Amino acid sequence: GQQVMQIPQYQHVQEGEDFTTYCNSSTTLSNIQWYKQRPGGHPVFLIQLVKSGEVKKQKRLTFQFGEAKKNSSLHITATQTTDVGTYFCAYSNYQLIWGAGTKLIIKP
Amino acid sequence: NAGVTQTPKFRVLKTGQSMTLLCAQDMNHEYMYWYRQDPGMGLRLIHYSVGEGTTAKGEVPDGYNVSRLKKQNFLLGLESAAPSQTSVYFCASSIGTGVQETQYFGPGTRLLVL
């Protein structure tokens with residue numbers, strides 16, 4: 001079935017370093033959503049992108065939707081311990097189709 | 001508003017036992033979903049509902065049944081639990097599909113089947 005590939009699976013960073021996760025699809029997406037799941041928690045909606053080339057910011061988080069609407073990225077500047085968790089992308093195709101998630105781990 | 005609530009929060013079952021997980025939402029959402037999440041894995045859709053009285057199969061429906069008798073409630077049943085059903089179960093709801101498919105999740109039910 002249709003899939004969205006999310007990479008990397010894990011990313012270890014030092015606190016203060018940047019973090020990026022990517023979502024890629026072989027087909028054009030109508031929209032892309034991003035969710036965050038803290039350890040032991042439940043997924044929480046972050047943002048939705050709909051337009052080609054769209055860029056949205058939430059404080060240190062920058063979300064992009066590719067020009068061809070086949071890929072998206074989430075970039076976190078200067079990570080903090082509160083950013084720890086797994087970030088999922090998902091797109092709507094009558095149901096939400098989820099990426100496998102990227103786990104952000106902050107090195108001690 | 002409580003949003004999406006799930007009961008119970010945690011349950012231990014023996015193989016072959018049955019149980020029902022309850023999900024309730026107070027946002028008047030039409031769509032509701034049941035997912036399972038295994039350790040270190042993503043979300044897999046079990047069943048979903050597009051409105052009161054309707055249900056549909058998701059990616060991994062075997063071993064589960066659901067009912068949506070009231071708009072605000074979505075029940076997930078395990079008729080004969082198996083160890084492979086040990087997982088965290090999340091319920092979610094949304095207004096609709098497409099750009100209205102932002103999903104709101106409950107806190108989850110942690111199920112251990114021995």
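Nothing here was measured: the structure is a model prediction, and the numbers come from that model. Here is how names work: the chains are called A, B, and so on, in the same order as the sequence lines, proteins then strands, and each is numbered from 1.
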Exercise. Looking at residues at least two apart in the chain, or sitting in another chain, which of them share a ring pair (Phe, Tyr, Trp, His ring centres under 6.0 Å) with B:His29?
Worked result: B:Tyr104
Exercise. Of the non-hydrogen atoms in B:Asp38 and B:Ser87, which two are nearest, and what is the gap between them?
Worked result: OD1-OG, 2.7 Å
Exercise. Taking side chain as C-beta onward, heavy atoms only, is B:Ser94 less than 4.5 Å from B:Tyr33?
Worked result: yes
Exercise. Quick one: what part of B:Gln103 sits under 4.5 Å from any heavy atom of chain A, side chain, backbone, both or neither?
Worked result: both
Problem set entry | Proximity breakdown for A:Gln6 and chain B, heavy-atom pairs closer than 4.5 Å | neither
Exercise. Is any side-chain N of the basic residue among B:Lys70 and B:Glu52 closer than 4.0 Å to the acidic one's carboxylate O?
Worked result: no
Problem set entry | Sub-4.5 Å side-chain heavy-atom contact between A:Pro43 and B:Tyr35 | no
Exercise. Which members of residues 105-114 of chain B, sorted by number, sit under 4.5 angstrom from chain A on a heavy-atom basis?
Worked result: B:Phe105, B:Gly106, B:Pro107, B:Arg110
Problem set entry | A:Gln48, part contacting chain B, at a heavy-atom distance under 4.5 Å | side chain
Problem set entry | Residue that, paired with B:Tyr64, satisfies side chain to side chain donor-acceptor pair (under 3.5 Å) out of B:Arg36, B:His47, B:Glu79 | B:Arg36
Exercise. Restricting to pairs with a member in residues 25-95 of chain B, which pass disulfide bond (SG atoms under 2.5 Å apart), not counting sequence neighbours?
Worked result: B:Cys23-B:Cys91
Exercise. Got a sec, which residues hit side chain to side chain donor-acceptor pair (under 3.5 Å) with A:Asn71, two or more places apart in sequence or on another chain?
Worked result: none
For this session: Please look at B:Val88 and chain A and tell me whether the side chain, the backbone, both or neither of the residue comes under 4.5 angstrom of a heavy atom of that chain.
Result: neither
